[in-house]
Amino acid sequence: MDLLDDLTPAQREAVTHVQGPLLVLAGAGSGKTRVITRRVAHLLHSGIAPESVLAITFTNKAAGEMRQRIDALVPNSRVWVGTFHGFCARLLRIHAKLAGIDSGFTIYDQSDRLRAVKDVMDQVVGDGAGITPEHVEAAISRAKNELVSPQVLRTRARDEKDLLKARVFAAYEEKLRTSSAVDFDDLLVHVVSILKNHPDVRAGLDRRYRYVLVDEYQDTNLAQYAIVRALSVDHPNLCVTGDPDQSIYGWRGANLANILEFERDYPSCRVVKLERNYRSTKNILSVADHLIRFNRNRKPKSLVTENPRGAPVELTVYARETDEAEGIAGKIDSLVREGEFRFSDIAVFCRMTALTRPIEQAFRSAKVPYQIVGGVSFYERQEVKDVLSYLNLMANPKDDLAFARIVNVPPRGLGKTSLDHLVEAARQRRIPLLAMARQAGQVEGLKDKAARGLLEFTGLVDELVTLCDHPAEEVIRQLLERTGYRTYLTGETRDNGEDRLANLDELISAAREFDQDHPGASIHDFLAEVTLASPIDRWDQQTGTVTLMTLHAAKGLEFPVVFVNALEEGLLPHSRANDDNKQLEEERRLLFVGITRAQRELYLSRCRIRTFRGQQQATFPSRFLEELPAEPMEHHDRSGVEPPQRVAGPGAGGWPRRPEPYPRSRPGPREFRLTTAAELAGSTTAGRGGPAGATGPVNLDALRPGITVVHPQFGIGRIVSVEGAGPRRKGTVAFAVGEPRTFVLALAPLRPIGGTAGQDPRPSEGGGQNNR
DNA sequence: GGGTCCTACATTTTT
DNA sequence: TGTAGGACCC
């Protein structure tokens, strides 16, 4: 077949471009994957050696799909397709020495890193000092993604806490070094340093990978950017594809500027825009387009489609999250019953995994088959992690983390006290725990019994190490028997012993599959693959079930029918984004990504009262709802709420302490009216750019304690106290969502709402008027 | 040493 | 609501 036959001129231009940098700005659903795979095929057809093509994706799943599609066009092409982390892990195995690490290094995942940070903090910081290991861990990751060393981080410190973080960072790095371990981010960081410090290696790789493709370029961080650039100096045949409007990993260091300024990096580059959408109906696209136009930091872009108009986009308001879940389950049931869709055509997206629970429950009782993507990865489950720790220790005797994890699993009479003695002795001698355990007799303060236990353990490890060259499946089978782990779990009747045994069997299957796919591979390779695996890689669209996943996981996928739930302030946008416009725009893109996954039907929903973390709370509609167009949408209110009552509220200006349950006995459609903080603030006419400031002078006398106010950014709240006088008078406002905040009243865009203090400012109240 | 219970805690998204 | 870590008891 001809590679170009069924392509548009723009797509054809991208596919046939061979030499020089190329930027493909691909709107959602514009056939980007098809363009990339065709382009690779075209390169190969033009006589370019497969070994000189490097295709980098964001997830293993995307990589697998791309490889498959390339294979279909050009069988057995041996093009390298993979993720950044996979590529770097492979490079590092070869060039470990140049980065000053063992080639047998262990890769620590995020939970390993957190564990290591905790250990380090115990030693370096002593007691807390006001920062949590999670904070430090996040700071370390951020620093690494931005190629910031502990030393530099220290010079940037602004307070005691920052200094402390920098100190822990340095100690953590030392710990990694002595353990021959690298964390996730290090895979990139070490490769960057090799490329930087060894020009010959860099030039060699640049030459080798003459044609580099990077997908989802909008999600690259500084380290990734540095790698890509270093590989495209002498042979800048760099093709990047992406969509700035779908950048949703800023929190992980992704830098939108990478794609926005690609043309500046490579002035000679060709730019191809794919703006025609093949995926969604006109209605869905219109909703997506309206929303994303509220983002300021973007390149304007039009998305057009020749697809039919399609059904209206539905927005439904429910009373509670359980009703929402049941509503979604019921709708899915009828969609399938009507015969137009199968379960596997349908997906439900949530902002957070925690929001999936009520939906799962509803699915179970409505007998809707579903699979959930995300949450705890298979490889992060305790028993799986235990076994992997054995493998890690076998492969890397310096891996103290692995040692500590399994030295007493199954129980060998080695409790915390013994461990503490061992750790202290090892620390003094600066040797790994396993090496110290071999000389258990020399450990001060250790009981005989514990010393014997340690020696027994080292003997076991030595025995296991002899298995290292065998196929992964066999190693694991043997390991489970010889360590007594299987027996240990078999005796475990509580704690889902059965499930855990089943997980071990699944691990064995995974190992078998690995052995088949990678004959001759080492345990290191198996461990690397497993550590770099993510939950989404295991997702399978072909199982005949509804898919339940986070909005982040949904990127790159498409479904005929899509539901997005919990469109409420504090959830979408997430409360942590409240005070930062950049983050707010990212939240908007997140919803944009969700919407544009839908091919034919899109259902949005929210509820008035949500029980979350065991707490019942009244909600506010997401501000994003206000940014959707009126026309192709259909609003339903199934919350059974009363029209607003113009009567005095429950207390003197009282914020209801606890939201009143809405009557379920009086359901029925109600007229719909959007009420968002921004609208109440009187800024609905602000148009582009979203909520603006207040629209007129506010009488400062009106801002008294007890008054309900609205802030364009933080939403509705009540003034709890006022201090000082004159122009510098400050007021503290308790918001319905998020932390209380203090403002200089004369400067803050606060507006009283509801007129008198007595009026019920109940959030989320449906209005009596129709907004159309 | 090891198990159990309890409390305090945090709580986004993941290669 | 869940989990991780500490206190307590055997």
Side-chain angles (χ1 to χ4, degrees), chain A residues 56-63 82-89 107-111 113-115 118 122 128 132-135 138 141 144-145 183-188 215-216 219-221 223-224 247-254 321 349-358 373-377 379-380 382 408-421 446-447 449-450 453 492 494-495 528-529 531-537 549-556 566 570-578 583 586-587 589-591 593-594 610-616 738:
Chain A
I56 300 178
T57 62
F58 203 67
T59 65
N60 297 299
K61 176 143 196 79
T83 64
F84 269 107
H85 291 82
F87 174 66
C88 290
I107 302 172
Y108 283 176
D109 67 16
Q110 190 180 347
S111 66
R113 172 159 66 194
L114 185 59
R115 181 73 258 159
K118 282 179 180 168
D122 282 346
T132 66
E134 285 80 6
H135 285 148
S141 183
K144 288 190 174 187
N145 284 154
D183 66 26
F184 255 28
D185 301 319
D186 281 338
L187 291 171
L188 307 173
D215 193 17
E216 309 283 14
D219 283 323
T220 50
N221 60 35
Q224 291 160 335
S247 161
I248 54 176
Y249 285 96
W251 52 277
R252 233 173 55 192
E321 80 286 348
F349 302 148
C350 306
R351 178 64 179 84
M352 306 175 249
T353 34
L355 291 171
T356 60
R357 187 127 33 87
V373 181
V376 191
S377 153
Y379 294 109
E380 278 166 32
Q382 186 181 289
N408 201 31
V409 181
R412 297 186 181 90
L414 297 162
K416 181 155 184 354
T417 320
S418 309
L419 248 285
D420 285 346
H421 286 306
L446 200 65
K447 294 237 166 49
K449 182 168 151 260
E492 196 82 31
R494 65 216 145 77
D495 279 3
E529 167 146 324
T531 313
L532 295 176
S534 80
I536 189 155
D537 303 331
M549 56 170 51
T550 64
L551 285 162
H552 283 88
K555 194 180 66 161
L571 295 174
L572 186 62
H574 191 273
S575 52
R576 303 259 294 244
N578 255 345
Q583 289 181 42
E586 181 153 313
E587 296 286 311
R589 291 194 292 268
L590 201 46
L591 179 56
V593 166
R610 183 170 297 275
T611 307
F612 188 57
R613 299 206 301 247
Q615 295 263 43
Q616 225 186 55

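The model shown is predicted, which means the values in this text are computed figures rather than measured ones. Lettering follows sequence order; numbering is per chain, from 1.
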Undergrad: Please check the phosphate of dG1(B) (OP1 and OP2 only) for any side-chain N or O of Thr417(A) closer than 4.0 Å.
TA: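 Looking at the OP1 and OP2 atoms of dG1(B), one of them is under 4.0 Å from a side-chain N or O of Thr417(A).
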Undergrad: Rounded to whole Å, please give me the gap between CZ in Arg351(A) and P in dT13(B).
TA: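 Interatomic distance, CZ of Arg351(A) to P of dT13(B): 8 Å.
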Undergrad: Would you say dG1(B) has OP1 or OP2 under 4.0 Å from some side-chain N or O of Ser418(A)?
TA: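 Yes, Ser418(A) has a side-chain N/O under 4.0 Å of OP1/OP2 on dG1(B).
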Undergrad: Could you check whether Phe84(A) and the base of dT15(B) form a stacked pair, meaning centres closer than 5.5 Å and planes differing by less than 30°?
TA: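 Stack criterion not met.
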Undergrad: For the base of dT13(B) and the side-chain ring of His574(A), does the geometry meet a stacking cutoff of under 5.5 Å between centres and under 30° between planes?
TA: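 Not stacked: fails the 5.5 Å / 30° test.
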Undergrad: Does a side-chain N-to-carboxylate-O contact under 4.0 Å join Arg357(A) and Glu321(A)?
TA: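 Answer for the salt bridge query: no.
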Undergrad: Identify the heavy atoms of Asp219(A) and Ala254(A) that sit nearest to each other, and give their distance.
TA: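 Heavy-atom minimum between the residues: O-CB, 3.3 Å.
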Undergrad: Give Asp219(A) one of three labels, base, sugar-phosphate or nothing, depending on what nucleic acid heavy atoms sit under 4.0 Å from its own.
TA: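 Result for Asp219(A) = nothing.
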Undergrad: Judged by modelled atom types alone, do Thr132(A) and His135(A) share a side-chain donor-acceptor pair under 3.5 Å?
TA: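 The answer is yes; a qualifying pair exists.
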Undergrad: Which atoms form the tightest heavy-atom contact between Leu414(A) and Ala450(A), and what is the distance?
TA: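 Between these two residues, the closest heavy atoms are CD2-O, 3.3 Å.
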Undergrad: In whole Å, what is the span from the NZ atom of Lys144(A) to the P atom of dT14(B)?
TA: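 Atom NZ in Lys144(A) sits about 21 Å away from atom P in dT14(B).
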Undergrad: Could you tell me the separation between the CD atom of Glu586(A) and the C1' atom of dT13(B), rounded to a whole number of Å?
TA: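 Going from CD in Glu586(A) over to C1' in dT13(B) covers 9 Å.
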Undergrad: At less than 4.0 Å, is any side-chain N or O atom of Asn408(A) found next to OP1 or OP2 of dG2(B)? Yes or no.
TA: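 It does, given that an N or O in the side chain of Asn408(A) lies less than 4.0 Å from OP1 or OP2 of dG2(B).
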Undergrad: Does the protein touch nucleotides 5-10 of chain C at the base, only the backbone, or not at all? Give it as B, S and - per nucleotide, heavy atoms under 4.0 Å.
TA: S-----
Undergrad: With no angle test and no hydrogens, is the base of dT13(B) tied to the side chain of Arg252(A) by a donor-acceptor pair under 3.5 Å?
TA: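 For Arg252(A), whose side chain was compared with the base of dT13(B), there is no donor-acceptor pair (under 3.5 Å).
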Undergrad: Looking at Lys416(A) and Asp420(A), is any side-chain nitrogen of the basic one under 4.0 Å from a carboxylate oxygen of the acidic one?
TA: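 Salt bridge flag = yes for Lys416(A) with Asp420(A).
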Undergrad: Closest to the Arg357(A) side chain: dT13(B), dT1(C), dT15(B)?
TA: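 Out of dT13(B), dT1(C), dT15(B), the nucleotide with an atom closest to Arg357(A)'s side chain is dT1(C).
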Undergrad: Specify the separation, in whole Å, of atom CD of Glu587(A) and atom P of dT13(B).
TA: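 Spelled out: CD on Glu587(A) to P on dT13(B) is 12 Å.
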Undergrad: Phosphate oxygens OP1/OP2 of dT13(B): is one of them under 4.0 Å from a side-chain N or O of Thr353(A)?
TA: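 Thr353(A) to dT13(B) OP1/OP2: side-chain N or O found under 4.0 Å.
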Undergrad: Would you classify Ile248(A) as touching base, sugar-phosphate or nothing, given that sugar-phosphate means primed atoms plus P, OP1 and OP2, and contacts are heavy atoms under 4.0 Å?
TA: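 No contact.
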Undergrad: Please report the shortest heavy-atom distance between Ser534(A) and Asn60(A), naming the atom on each side.
TA: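 Closest pair (atom of Ser534(A), atom of Asn60(A), distance): N-ND2, 4.3 Å.
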Undergrad: Using a 4.0 Å heavy-atom cut-off, does Thr611(A) contact any base of the nucleic acid, only the sugar-phosphate backbone, or nothing at all?
TA: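 Answer is nothing: Thr611(A) stays at 4.0 Å or more from every strand.
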Undergrad: I want to verify a distance call: between dT14(B), dT12(B), dT13(B), whose nearest atom is closest to the Arg576(A) side chain?
TA: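 Of the candidates, dT12(B) comes closest.
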Undergrad: Assign each of Leu532(A) and Met352(A) to its nearest nucleotide of DNA chain B by heavy atoms, then name whichever residue's nucleotide is nearer the 5' end.
TA: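 Checking each residue's closest nucleotide, the 5'-ward one belongs to Met352(A).
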Undergrad: Could you state the CZ-C1' distance from Phe349(A) to dT12(B), rounded to the nearest angstrom?
TA: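 For the pair Phe349(A) CZ and dT12(B) C1', the rounded distance is 17 Å.
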Undergrad: Hey, what do you get for CD (Glu216(A)) to OG1 (Thr57(A)), rounding to the nearest 0.5 Å?
TA: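 Result: 8.5 Å between the selected atoms.
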Undergrad: I need the CZ-P distance between Arg610(A) and dT12(B), as an integer number of Å.
TA: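 Atom CZ in Arg610(A) sits about 16 Å away from atom P in dT12(B).
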Undergrad: Could you pull out the closest heavy-atom pair between Ile107(A) and Ala89(A), with the gap in Å?
TA: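 Where Ile107(A) meets Ala89(A) most closely, the heavy atoms are CD1-CB, 4.3 Å.
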Undergrad: Write down the distance between CZ (Arg613(A)) and P (dA8(B)), rounded to a whole number of angstrom.
TA: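 Distance, rounded to whole Å: 17 Å.
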Undergrad: Tell me whether the side-chain N/O atoms of Arg412(A) come closer than 4.0 Å to OP1 or OP2 in dG1(B).
TA: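 It does not, given that no N or O in the side chain of Arg412(A) lies less than 4.0 Å from OP1 or OP2 of dG1(B).
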Undergrad: Looking only at atom P, what distance separates dA4(C) and dT13(B), rounded to whole Å?
TA: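 Result for the P pair: 15 Å, nearest Å.
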Undergrad: Looking at dT15(B), I'd like to know if its phosphate oxygens (OP1 or OP2) sit under 4.0 Å from a side-chain N or O belonging to Ser534(A).
TA: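 Yes, such a contact exists.
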Undergrad: Can you identify which nucleotide, out of dT11(B), dT15(B), dT14(B), has its nearest atom closest to the Tyr249(A) side chain?
TA: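 Nearest listed nucleotide: dT14(B).
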Undergrad: To the nearest Å, give me how far apart CD (Glu216(A)) and C1' (dT14(B)) are.
TA: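 Answer to the nearest Å: 14 Å.
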Undergrad: State, to 0.1 Å, how close Leu572(A) and Ala566(A) come at their nearest heavy-atom pair, and which atoms those are.
TA: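 Scanning both residues completely, I find the closest heavy atoms to be CB-O, 4.1 Å.
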